Amino acid sequence: MLTRVALRAALGSSVGVLGESVALSVKPWTRSPTFLSAPRVGGAVGSFAVPPPVRHYARVAKMKKTGPVSQLADLPSTMLKMDYAAVPLAQATDEVVKRLLSLELASHAEKLQRKKEQYIAKVQRDENDRSSVEVKVAVLTARIRNYQEHLLKHHKDKANKRRMLMAIDRRKKLLKNLRLVNYEAFEKVCEQLGIVYTFPPEYYRRATRRWVAKKAFCIKVFQEVQKQKAEQRLMKQGLGSKIKAV
């Protein structure tokens with residue numbers, strides 16, 4: 001009889017220890033409220049109902065920002081590369097070879113070279129003109145617009161930003177010189193390449209109190225000097241008239 005009572009007490013204590021170990025095995029920071037509040041199944045210690053699955057609803061798709069249109073967007077994909085444009089055999093080949101030689105599989109540098117040639121053809125003086133001011137402005141324009149498109153994506157690229165500003169300054173000097181020498185060519189270049197020429201700003205100096213006082217003093221001195229010169233002229237004229245009268 002005593003052995004049965006002792007066996008039952010031992011079994012009860014083992015079940016209680018097992019329930020506590022199961023409850024402690026779940027970390028407090030991983031327990032969900034549904035897991036803690038779920039009803040127990042069968043009255044056994046440490047047995048809980050399975051929590052319902054969490055539903056993840058799809059998020060609303062965000063609209064991609066559309067940037068400005070690239071200057072290379074108007075180049076047709078069937079146009080041949082610059083190295084094969086003057087080769088007559090490239091025009092008579094099959095479609096596969098034409099596709100390999102066209103701008104469809106060309107690199108960005110090859111497309112940019114083709115765009116430069118288009119700009120040059122608009123403003124050059126004759127077919128062999130490659131060194132005039134108009135041609136230099138066309139090449140710089142293609143380069144500047146390429147830098148602008150690159151900096152819209154990589155705005156922290158300081159090296160290319162410096163190169164772009166240097167190219168803009170050089171083009172501005174060329175346009176200023178062309179405007180003074182040949183105004184008709186200047187207007188044609190700006191119209192064909194879509195350049196908006198802005199005049200350089202006038203000389204500007206911050207008007208401080210010291211500068212205003214100095215300027216007023218200089219004006220006053222200038223007026224006094226002019227009065228003295230006028231008096232001297234009158235004295236000379238009076239002396240001249242007296243001499244003539246004598």
Side-chain angles (χ1 to χ4, degrees), residues 61-87 90-91 96-206:
K62 294 182 179 180
M63 297 294 293
K64 293 184 178 179
K65 296 181 180 180
T66 57
V69 182
S70 173
Q71 64 170 347
L72 307 178
D74 59 343
L75 292 175
S77 59
T78 56
M79 183 181 292
L80 295 177
K81 299 178 185 178
M82 195 62 207
D83 298 336
Y84 309 102
V87 179
Q91 304 289 342
V96 178
V97 179
K98 277 186 179 180
R99 188 180 177 188
L100 291 173
L101 303 180
S102 65
L103 296 180
E104 183 180 357
L105 303 176
S107 63
H108 183 80
E110 292 172 338
K111 292 180 181 178
L112 184 61
Q113 183 64 28
R114 193 67 175 171
K115 195 65 183 178
K116 286 181 183 178
E117 293 298 326
Q118 284 188 356
Y119 286 163
I120 291 172
K122 291 180 180 180
V123 298
Q124 63 182 359
R125 299 174 183 176
D126 51 63
E127 296 180 356
N128 300 323
D129 180 21
R130 308 295 293 184
S131 61
S132 62
V133 179
E134 295 90 332
V135 173
K136 292 179 181 178
V137 170
V139 173
L140 287 172
T141 301
R143 198 176 299 169
I144 288 167
R145 290 175 181 172
N146 182 48
Y147 285 138
Q148 289 174 346
E149 294 170 7
H150 174 76
L151 290 173
L152 288 175
K153 299 178 182 177
H154 312 281
H155 59 278
K156 292 187 178 181
D157 193 349
K158 305 298 182 184
N160 281 321
K161 185 176 181 180
R162 177 176 173 271
R163 296 189 187 101
M164 183 189 70
L165 294 176
M166 291 171 63
I168 290 173
D169 289 341
R170 188 180 176 191
R171 185 182 69 174
K172 194 178 294 184
K173 291 179 182 178
L174 291 173
L175 286 173
K176 182 180 178 182
N177 185 29
L178 183 63
R179 183 174 178 273
L180 296 175
V181 175
N182 190 352
Y183 190 78
E184 294 181 357
F186 166 78
E187 282 188 336
K188 179 185 176 183
V189 168
C190 292
E191 181 181 357
Q192 293 293 331
L193 301 180
I195 300 173
V196 179
Y197 182 78
T198 56
F199 295 95
E202 296 181 358
Y203 177 73
Y204 173 75
R205 183 173 181 175
R206 186 180 176 185

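What you see below is based on every heavy atom in this structure, not just the backbone, and it leaves out hydrogens, waters and symmetry mates. All values reported here derive from a predicted model rather than from experimental measurement.
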(request) Enter the distance from L103:CG to T78:OG1 here, rounded to the nearest 0.5 Å. (result) 8.0 Å
(message) If you compare all heavy atoms of R114 against all heavy atoms of K81, which two are closest, and at what distance to 0.1 Å?
(response) NH1-O, 4.3 Å
(request) Kindly compute the distance separating NZ (K111) from OG (S70), expressed to the nearest 0.5 Å. (result) 8.5 Å
(request) State, to 0.1 Å, how close V135 and R130 come at their nearest heavy-atom pair, and which atoms those are. (result) CG1-O, 3.7 Å
(message) For N160 and R163, which I'm curious about, is there any donor-acceptor pair between the side chains at under 3.5 Å?
(response) yes
(message) Exactly one of L193, V189, I168, V123 should register a side chain to side chain contact (heavy atoms under 4.5 Å, CB included) with T141. Which one does?
(response) L193
(message) By the ring-ring contact (aromatic ring centres under 6.0 Å, His included) test, which pairs, at least two apart or in different chains, include something from residues 110-131?
(response) none
(message) Using side chain to side chain contact (heavy atoms under 4.5 Å, CB included), reason through Q148 and M164 one step at a time and then give a plain yes or no.
(response) CA-CA 8 Å; Q148 289 174 346; M164 183 189 70; 3.6 Å; yes
(request) Report, as yes or no, whether the 6.0 Å neighbourhood of atom NZ on K98 holds more than 12 heavy atoms from other residues, nucleotides or ligands. (result) yes
(request) Please report the shortest heavy-atom distance between D126 and D129, naming the atom on each side. (result) OD1-N, 2.9 Å
(request) Look up atom NZ in K172 and atom CG in L140, then write down how far apart they are to the nearest 0.5 Å. (result) 13.0 Å
(request) Any pair with a residue in residues 144-167 that passes ring-ring contact (aromatic ring centres under 6.0 Å, His included), sequence neighbours left out, goes on the list, sorted by first then second residue, please. (result) H150-H154
(request) Could you tell me which non-hydrogen atom of G194 sits nearest to which non-hydrogen atom of R145, and how far apart they are? (result) O-NH2, 3.6 Å
(message) Distance check, rounded to the nearest 0.5 Å: R171 atom CZ versus R143 atom CZ?
(response) 12.0 Å
(request) Answer yes or no: are there more than 12 heavy-atom neighbours, outside R170 itself, under 6.0 Å from its atom CZ? (result) no
(message) Tell me the closest heavy-atom pair linking Q71 and A142, and the distance in Å.
(response) NE2-O, 3.2 Å
(message) Measuring from atom CD of Q118 to atom CG of L72, what distance do you get when rounded to the nearest 0.5 angstrom?
(response) 9.5 Å
(request) Any pair with a residue in residues 165-192 that passes ring-ring contact (aromatic ring centres under 6.0 Å, His included), sequence neighbours left out, goes on the list, sorted by first then second residue, please. (result) Y183-F186, F186-Y197
(request) Quick one: do N146 and K115 satisfy side chain to side chain contact (heavy atoms under 4.5 Å, CB included)? Show the steps, please. (result) CA-CA 10 Å; N146 182 48; K115 195 65 183 178; over 6 Å; no
(request) Compare every heavy atom of A73 with every heavy atom of V69, then report the nearest pair and how far apart it is. (result) CG1-CB, 3.7 Å
(request) Hey, could you give me the CG/CG distance between D169 and L174, rounded to the nearest 0.5 Å? (result) 11.0 Å
(request) Check the pair K188, K122 against side chain to side chain contact (heavy atoms under 4.5 Å, CB included), reporting the backbone distance first and the verdict last. (result) CA-CA 9 Å; K188 179 185 176 183; K122 291 180 180 180; over 6 Å; no
(request) Report yes if some heavy atom in the side chain of I195 is under 4.5 Å from a heavy atom in the side chain of V137; otherwise report no. (result) yes
